[in-house]
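Structure provided below as C-alpha cells; questions to follow.
The sequence lines fix the lettering, A, B, ..., with proteins before strands; numbering per chain opens at 1.
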Amino acid sequence: MTATGQIESWVENPLNIGPLYPFVGWEVTLFVLCFALCAAFTIWKIVHEKKQHDAEAQDLRQSGNVVDMLESAYRDYVSSKRD
Amino acid sequence: MNDELGAFTVIFTEFYYWVMIVLMFLIHVGFCLYEVGVCRPKNTLNTLMKNAMLIPVITVGFFFFGWWIYFAFQNGPGITGGWKSAPWAEPWHELMGPHMGGTAAAGMSTEDTMNWSRLNGVFWGAFLLFSWTTGSILSGAVIERIRSGAFWLLALLVGSFTWILDASWGWSDSGWMVKVLGYHDAYASGVVHAIAGGSALAILIHLGPRIGRFRADGTARIIPPQNTWLVIIGLFLIYTGFWGFYAACNIPIMDVDPDGGRAFFSATTIYLTPTTLSGVTFNFIMALVGGMLVAYFLSDGDPFWTFSGGLGAVITASAGNDLYYPYQAFFIGGFGVWCAYKLHHWVERRFRVDDAVGAVAVHGYCGTIGVIVAGFMLWGYPSSPHDDFARVTPWGQLAGAAIMFLGLGFIPCYILAGILKWVGLLRMPVEVELVGLDHLRRMEEKGQIEELVAAERQAFQDLC
C-alpha cells in the first residue's frame with residue numbers, strides 16, 4: 001500500500017518511532033521552497049510599496065487638495081478624541 | 001523518559017512552556033492595541049498591519065536561522081571556543097517537527113533525541129515570542145512615518161538575528177559573556193529590552209520626527225493618542241503577557257544538586273542557577289508598583305507614563321529579580337523609571353528624537369540601567385553553577401550593558417537604517433504622511449460605500 005509516512009502502526013514499540021510527519025527526506029527541499037517564497041514576498045513588498053506610495057505622493061501633489069484632506073483627517077482626529 | 005520521574009520532568013517542562021506561550025501571546029495583543037490607540041485615525045490600519053505582519057516576518061527568520069544561532073554562537077565563536085554543534089536547531093532537521101524521539105535523530109544520541117523531541121518546539125516558541133517582542137518595541141517608536149517594508153527588514157535584523165545572538169552570548173548556561181564577564185540578566189533587562197531600545201534609538205535618528213512634532217524653538221508638541229482607553233488596555237495586556245515572559249525565563253523543574261548524591265528539585269533561571277517562582281512573584285509585583293508610583297509622581301498622574309512606568313520598573317529590576325529582596329526590586333524599579341523619564345525628555349529636547357511611545361526610555365534606558373545596577377547589587381554572586389565561570393561584577397555588567405544597547409542594539413540598526421534611508425526606502429513621502437498612511441485604503445472604502453449607497457437608493461426608487 002502506498003504510504004507518505006513511516007508509521008506502520010500506532011501500537012508498535014514507541015522506541016522504534018522517529019519522525020511523525022509525512023515525506024521524511026524532503027526537509028531541505030521544503031526549506032528551500034519556503035525560504036524562496038519568503039524572500040520573494042519581502043522583495044515584492046518593498047518594490048510594491050515604493051511604487052504605490054511614490055505614485056500616491058505624485059497624485060496628491062498634482063491634485064492640490066492635500067490641505068482639504070488634512071482638514072478631513074483633523075476632523076476624524078477630533079471626533080476620535082470626543083469618543 | 002524511561003522512568004517516571006524523568007518522564008514527569010520532561011513532559012511537565014513541555015507543558016509548562018506550551019502554556020506560557022499562550023500567556024506571552026497576550027503581550028502582542030497589548031502592543032497592537034497600544035500602538036493603534038497612540039496613533040492618529042489617519043494611520044490606524046497601517047499601524048496595525050505594520051506591527052501584526054512582523055509576526056510572520058520574524059517567525060520564518062527565526063525558524064530558518066535564529067534558533068540555530070542561539071546554540072551555535074555561544075562561544076562567540078572565537079572567544080571561548082568555536083562553533084557549537086546544534087543539529088536539532090537546523091531548519092531542515094527532523095527534530096524541527098513532530099517526532100516521537102524513539103529512534104536517534106541524525107547527529108544526536110538517543111537520550112538527547114528523546115528530550116529534544118519534547119522540548120524543541122516549545123523552547124523555540126517561547127524564544128520566538130521574545131523575538132516578536134523586540135520587533136514590537138521598535139514598531140511603537142517609529143509609527144506614523146516609516147515604510148512597512150523597511151520596518152520589517154529592521155525587525156527581522158533585531159528579532160531573528162541580533163537579539164538571539166546576544167541571548168546566545170549572555171542568556172544561556174554557557175554563553176561566553178556568562179563565562180568571561182559573569183554576565184547576569186535573569187529576566188532579560190539587557191538581552192531583550194536594552195537591545196531593542198538601542199535599536200529603536202538608532203532607527204529614530206535616521207527616520208526623524210513626525211511632521212509637526214517639534215516647534216521652531218525645539219520644544220516638543222504633544223500628539224495626543226486617538227484612544228487613551230486602547231492605550232491603557234494595551235498596557236495592561238502587556239503587563240499580563242509579561243508574566244508569561246517571566247515564567248518562560250525559568251526552567252520550571254530541575255535537579256539543582258546533581259552531584260550531591262541526592263535529588264533536590266527547584267525552578268532555575270536560564271543560567272541553571274536556582275530560584276523560586278514564589279520569590280520572583282514578590283519581586284515582579286513590587287517592582288511594578290514602585291515604578292507606577294514614581295511615574296505617577298513625575299508625570300503628575302499622566303496615564304500613559306504611569307502605566308509605562310510600571311513596565312519600565314519591571315524591566316529595570318528584571319536583571320536581578322531572581323535574587324533581589326522585594327524592597328530592593330521596588331527601589332531599583334523606581335530608580336530606573338526616574339532615570340528613564342528624565343533621560344527621555346532630555347534626549348527629546350536636545351536631539352529632537354521623536355519616540356512616539358517612549359520605547360527607548362521604557363525598554364532601552366530601563367533595561368540598560370537594570371543590567372548595570374545588578375552588577376552592584378549582586379557583586380560577587382556566582383553567575384553560573386560552573387565554578388570556573390566569572391562572578392557577577394559591576395564592570396562585567398557594564399560591559400554587558402554596552403554590548404546589548406550599543407554593540408548589538410544601536411550599531412547594526414544604525415547601519416541598516418542608514419542604508420535604507422540612503423536608497424529612499426525608510427520614510428514615507430511627505431504628502432502621504434500628511435494625509436495619512438491609510439489614505440489609499442480610505443479612498444477605496446469611500447468609493448465602495450458610495451457605490452453601495454447608490455445601489456440602495458436605486459433599490460428604493462425601484463420599489464416606489
Side-chain angles (χ1 to χ4, degrees), chain A residues 5-7 10 12-32 34-35 37-39 41-50 52-63 65-81 83, chain B residues 1-2 40-44 53 56-57 59-61 63-65 90-106 110 113-114 117 147-150 152-153 156 223-229 420 423-425 428-440 442-443:
Chain A
Q6 299 177 333
I7 312 294
W10 291 117
E12 69 176 287
N13 183 355
L15 291 175
N16 294 331
I17 301 177
L20 297 171
Y21 51 87
F23 300 107
V24 172
W26 282 82
E27 294 87 346
V28 174
T29 309
L30 291 169
F31 162 74
V32 171
C34 188
F35 189 90
L37 181 78
C38 295
F41 170 82
T42 308
I43 293 165
W44 165 81
K45 171 63 188 172
I46 289 170
V47 172
H48 173 70
E49 187 180 42
K50 180 155 177 61
Q52 187 183 39
H53 289 307
D54 286 354
E56 185 186 1
Q58 196 176 2
D59 287 349
L60 285 164
R61 266 196 303 276
Q62 286 169 353
S63 69
N65 58 356
V66 172
V67 174
D68 293 342
M69 288 176 188
L70 265 175
E71 286 297 322
S72 164
Y74 168 74
R75 282 193 296 275
D76 285 351
Y77 192 20
V78 171
S79 152
S80 78
K81 293 303 295 173
D83 296 339
Chain B
M1 291 290 285
N2 294 328
R40 286 165 286 181
K42 61 182 179 179
N43 300 316
T44 302
M53 286 303 289
V57 169
T59 299
V60 290
F63 194 96
F64 292 155
F65 48 81
E90 292 164 356
W92 43 73
H93 196 267
E94 60 194 86
L95 285 173
M96 288 293 279
H99 197 286
M100 196 63 187
T103 56
T110 310
T113 302
M114 185 71 82
S117 67
R147 288 179 193 250
S148 298
W152 295 336
L153 283 181
L156 183 67
I223 301 179
Q226 67 167 311
N227 191 322
T228 307
W229 302 114
L420 289 166
V423 296
L425 290 176
M428 287 286 186
V430 175
E431 295 84 355
V432 177
E433 192 178 328
L434 283 171
V435 300
L437 313 188
D438 295 344
H439 169 67
L440 279 183
R442 286 163 75 101
M443 289 298 106

Using heavy-atom distances under 4.5 Å, tell me whether B:S117 contacts chain A through its side chain, its backbone, both, or neither.
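Nothing of B:S117, per the 4.5 Å heavy-atom cut-off to chain A.
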Chain A heavy atoms under 4.5 Å from B:V60: which part of the residue, side chain, backbone, both or neither?
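When you check distances to chain A, only side chain atoms of B:V60 fall under 4.5 Å.
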Top of B:P429, B:P41, B:G101 for chain A proximity - count of heavy-atom pairs under 4.5 angstrom
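Most pairs with chain A among the choices: B:P41.
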Let me know which of B:L420, B:V423, B:L153 forms a side-chain contact (heavy atoms from CB on, under 4.5 Å) with A:I46.
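Looking at B:L420, B:V423, B:L153, the match for A:I46 under the side-chain contact (heavy atoms from CB on, under 4.5 Å) is B:L153.
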Should the heavy atoms of other residues, nucleotides or ligands under 6.0 Å from OH of A:Y21 be counted, would the total exceed 12?
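It does: A:Y21 OH has more than 12 such atoms within range.
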Any idea which of A:D59, A:N16, A:L60 has the most non-hydrogen atom pairs under 4.5 angstrom with chain B?
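It is A:L60.
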Can you name the closest pair of heavy atoms from A:A57 and B:E431 and give their distance?
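Smallest interatomic distance, heavy atoms only, reads CB-OE1, 3.5 Å.
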side-chain contact (heavy atoms from CB on, under 4.5 Å), that's the test. Do A:V24 and B:E94 meet it? Break it down for me.
CA-CA 8 Å; A:V24 172; B:E94 60 194 86; over 6 Å; no
With sequence neighbours left out, write down each residue that passes ring pair (Phe, Tyr, Trp, His ring centres under 6.0 Å) with B:W92, or none if nothing qualifies.
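Listed in chain order: A:F31.
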Residue among B:K42, B:R442, B:H439 with most heavy-atom pairs under 4.5 Å to chain A
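Between B:K42, B:R442, B:H439, the count favours B:H439.
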What is the distance from atom CE of B:M100 to atom CH2 of A:W10, rounded to the nearest 0.5 Å?
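Separation between the atoms: 8.0 Å.
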Based on non-hydrogen pairs under 4.5 Å, which of B:T113, B:L434, B:L95, B:L440 is most in contact with chain A?
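It is B:L440.
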Where the side chain of A:Y77 meets the backbone of B:P224, is there a donor-acceptor pair that is under 3.5 Å apart?
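Looks like yes, one N/O pair under 3.5 Å.
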Keeping A:E49 on the side-chain end and B:G149 on the backbone end, is there a donor-acceptor pair under 3.5 Å?
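Looks like yes, one N/O pair under 3.5 Å.
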Could you give me the CA-CA distance, side-chain angles and deciding distance for B:T103 and A:Q6, then say whether side-chain contact (heavy atoms from CB on, under 4.5 Å) is met?
CA-CA 12 Å; B:T103 56; A:Q6 299 177 333; over 6 Å; no
Heavy-atom pairs under 4.5 Å with chain A: which of B:R147, B:H93, B:E90 has the most?
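Looking at each option in turn, the highest pair count goes to B:R147.
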If you define the side chain from C-beta out and look only at heavy atoms, does anything of B:M53 sit under 4.5 Å from A:F41?
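In contact.
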Partners meeting side chain to side chain donor-acceptor pair (under 3.5 Å) with A:K50 (sequence neighbours left out)
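In terms of side chain to side chain donor-acceptor pair (under 3.5 Å), with neighbours along the sequence ignored, A:K50 is linked to A:D54.
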What residue in A:S72, A:C34, A:A73 has the most heavy-atom pairs under 4.5 Å with chain B?
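When all of A:S72, A:C34, A:A73 are compared, A:C34 has the most.
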Out of A:H48, A:H53, A:E27, A:Q58, which one racks up the most heavy-atom pairs below 4.5 Å with chain B?
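Option with the top pair count is A:H53.
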